[in-house]
Amino acid sequence: MSKAALSSEQLDSIRAELAAGTTPTVWFTASAVGVPEGRSGKVIALGEPAEGDFIQVRPAGSKDVLSFSTAEVTLTKPPRKKPEKM
């Protein structure tokens, strides 16, 4: 299920959190390349939207900071997966 790209209001909210010294959490969508859908990450910085992949994110459990577009991350936490019954 594909989620809509981050809106300009959501980007403004992320920018405000970064300016306040916090690192907002985002979740990766199915569009994200190289990161499993539903995995979380912390936004480290925002570049210029004209650059395309301008959202700098450190995926959970990684020391790398990767660049993503607004379609590759969401502020909506995915539902928890139900454990499979044996």
| query | Shortest non-hydrogen contact from Pro78 to Gly38? | reply |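 Heavy-atom minimum between the residues: CG-O, 3.7 Å.
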| Over all atoms of both residues, closest heavy-atom pair of Arg58 and Lys63 |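 Reported closest heavy-atom pair: NE-O, 3.9 Å.
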| Any side-chain heavy-atom pair of Leu75 and Ile14 under 4.5 Å |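 The answer is yes; the side chains approach within 4.5 Å.
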| task | May I ask you to test the Trp27-Val73 pair for a side-chain heavy-atom distance under 4.5 Å? | result |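 No. Closest side-chain heavy atoms not under 4.5 Å.
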| Residues which pass side-chain contact (heavy atoms from CB on, under 4.5 Å) with Ser69, listed by chain and number, not counting sequence neighbours |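 Counting only residues at least two positions away or on another chain, Ser69 forms a side-chain contact (heavy atoms from CB on, under 4.5 Å) with Asp53, Ala71, Glu72.
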| query | How many angstroms lie between OG1 in Thr74 and CD in Gln10, if you round to the nearest 0.5 Å? | reply |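 Those atoms lie 6.5 Å apart.
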| message | Can you tell me how far apart CG (Leu18) and NZ (Lys42) are? Round to the nearest 0.5 Å. | response |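 That separation rounds to 11.0 Å.
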| query | For Leu6 and Leu11, what are the C-alpha separation, side-chain angles and deciding distance, and is it a side-chain contact (heavy atoms from CB on, under 4.5 Å)? | reply | CA-CA 7 Å; Leu6 291 175; Leu11 289 171; 4.0 Å; yes
For the side chain of [X] and the backbone of [Y], is there at least one donor-acceptor N/O pair under 3.5 Å apart?
X	Y	result
Thr22	Pro24	no
Arg39	Ala60	yes
Ser67	Ile55	no

| request: Look at the side-chain heavy atoms of Ile, Leu, Val, Met, Phe, Trp and Tyr, link any pair under 4.5 Å apart, and say whether Val26 and Val65 land in one connected group. | output: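 Unlinked, Val26 and Val65 end up in two clusters.
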| Phe28 and Phe68 aromatic centres sub-6.0 Å |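 Yes, they do, as the ring centres are separated by less than 6.0 Å.
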